[in-house]
Amino acid sequence: MSSESTSRTYRRAITYGTYDLLHIGHVNLLRRIRGFSDHLIVAVSTDAFNAIKHKVCVQPYAERAEIVAALRYVDLVIPEDSWEQKRRDVVNYGIDVVVMGDDWAGKFDDLADLCDVVYLPRTEGVSTTMRKTDIIARGESLLRRTA
Ligand code: C2G
């Protein structure tokens with residue numbers, strides 16, 4: 001079953017993402033998932049997989065993975081290095097629910113024969129791309145110390 005929200009509680013959840021320049025949108029998603037599950041695995045995209053996704057990251061995989069693992073909502077971090085690994089992960093980790101932000105709505109419904117698939121509303125007004133754009137726009141001024 002796939003849905004845009006859930007009232008159920010689950011034993012084991014998994015989610016996938018790049019998690020570059022971690023921001024409140026990422027944290028809100030992980031907190032909400034952990035709110036309806038007992039155990040949360042986050043598959044963080046490797047640098048090689050991001051190249052396949054045509055994404056350029058500021059932080060290397062090791063750093064992004066360690067930062068996500070440090071969040072109290074997260075029980076385990078694994079590498080995401082292919083689109084195809086999700087079915088294997090669901091079986092290997094005994095997953096009950098795959099959760100993504102709704103910018104991926106419908107994209108992982110093919111997993112619904114194995115487990116529940118839930119898409120949660122994204123946090124408005126923040127994204128890694130917006131952060132990068134803001135930093136580029138403010139450029140040197142960010143390095144100057146205020147008087
Ligand atoms: N997200 C959110 N609110 C935001 C920004 C992101 O809820 N304001 C969610 C996204 O919907 C996603 C997760 O945070 O579920 C991680 O987002 P990204 O790091 O941008 O991950 P992405 O590159 O979309 O990778 O196989 C799936 C991919 O790995 C997803």
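Nothing fancy with the numbering, it's 1 onward along the sequence.
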Name all residues meeting the side-chain hydrogen bond (donor to acceptor under 3.5 Å, both in side chains) criterion together with [X]; count only those two or more places apart in sequence or in a different chain, and write none if there are none.
X   : value
Q85 : D89
N92 : none
R87 : D113

Checklist entry - Do N50 and V56 pass the side chain to side chain contact (heavy atoms under 4.5 Å, CB included) test, and can you show the C-alpha distance, the side-chain angles, and the key distance before you say yes or no? => result CA-CA 7 Å; N50 275 322; V56 178; over 6 Å; no
Checklist entry - For R131, which residues count as a salt bridge (Lys or Arg N to Asp or Glu O under 4.0 Å) partner, sequence neighbours excluded? => result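 Here no residue qualifies.
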Item to check | Residues forming a salt bridge (Lys or Arg N to Asp or Glu O under 4.0 Å) with R138, sequence neighbours excluded | outcome: D134
Using the test side chain to side chain contact (heavy atoms under 4.5 Å, CB included), find all partners of [X] that sit at least two apart in sequence or belong to another chain.
X    : result
R11  : D38, D96
T129 : S127, T133
K107 : W104
L143 : E140

What side-chain donor-acceptor pairs closer than 3.5 Å can you find for residues 67-78, not counting sequence neighbours?
from: D75; atom 1: OD2; to: R34; atom 2: NE; distance (Å): 3.0
from: D75; atom 1: OD2; to: L40; atom 2: N; distance (Å): 2.7

Side chains of [X] and [Y]: does their closest heavy-atom pair fall under 4.5 Å?
X    : Y    : value
C115 : V97  : no
S45  : Y16  : no
V99  : I14  : no
L120 : D102 : no

Next on the checklist: Test of understanding: clusters of I, L, V, M, F, W, Y form through side-chain heavy atoms closer than 4.5 Å, transitively. Do I135 and M130 belong to the same one?
Outcome noted: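 They do not share one cluster, since no chain of ILVMFWY contacts under 4.5 Å joins I135 to M130.
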Checklist entry - Do L22 and V126 share a hydrophobic cluster, counting only Ile, Leu, Val, Met, Phe, Trp and Tyr and linking them when any side-chain heavy atoms are less than 4.5 Å apart? => result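 Yes; V126 is reachable from L22 via cluster members.
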Next on the checklist: If you compare all heavy atoms of E63 against all heavy atoms of Q59, which two are closest, and at what distance to 0.1 Å?
Outcome noted: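 Taking every non-hydrogen atom into account, OE2-NE2, 3.3 Å.
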Checklist entry - Would T9 and S37 satisfy side chain to side chain contact (heavy atoms under 4.5 Å, CB included), going step by step from the backbone distance to the final call? => result CA-CA 5 Å; T9 55; S37 63; over 6 Å; no
Item to check | Pairs meeting criterion salt bridge (charged side-chain N to carboxylate O under 4.0 Å, His left out) with involvement of residues 42-62, two or more places apart | outcome: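 Only D47-R64 qualify under salt bridge (charged side-chain N to carboxylate O under 4.0 Å, His left out).
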Checklist entry - Rounded to the nearest 0.5 Å, how far apart are CE of M100 and CD1 of I33? => result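 Answer rounded to 0.5 Å: 8.5 Å.
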Item to check | Point-to-point distance, once rounded to the nearest 0.5 Å, from CG of L21 to SG of C57 | outcome: 8.0 Å
Next on the checklist: For a side chain to side chain contact (heavy atoms under 4.5 Å, CB included) check, start with the C-alpha distance between T15 and L30, then their side-chain angles and the critical distance, and finish with the verdict.
Outcome noted: CA-CA 8 Å; T15 191; L30 299 174; 3.8 Å; yes
Checklist outcome for this item: Taken in chain and number order and not counting sequence neighbours, the residues that satisfy ring pair (Phe, Tyr, Trp, His ring centres under 6.0 Å) with F49 are W83
Tell me if a side-chain donor or acceptor on [X] pairs with a main-chain N or O of [Y] at a distance below 3.5 Å.
X    : Y    : result
R32  : N28  : yes
Y119 : F108 : yes
R12  : Y93  : yes
T128 : D20  : yes
E80  : V44  : no

Checklist entry - Which is it for V90 and V98 under the side chain to side chain contact (heavy atoms under 4.5 Å, CB included) test, yes or no, and what are the steps along the way? => result CA-CA 8 Å; V90 169; V98 171; 3.8 Å; yes
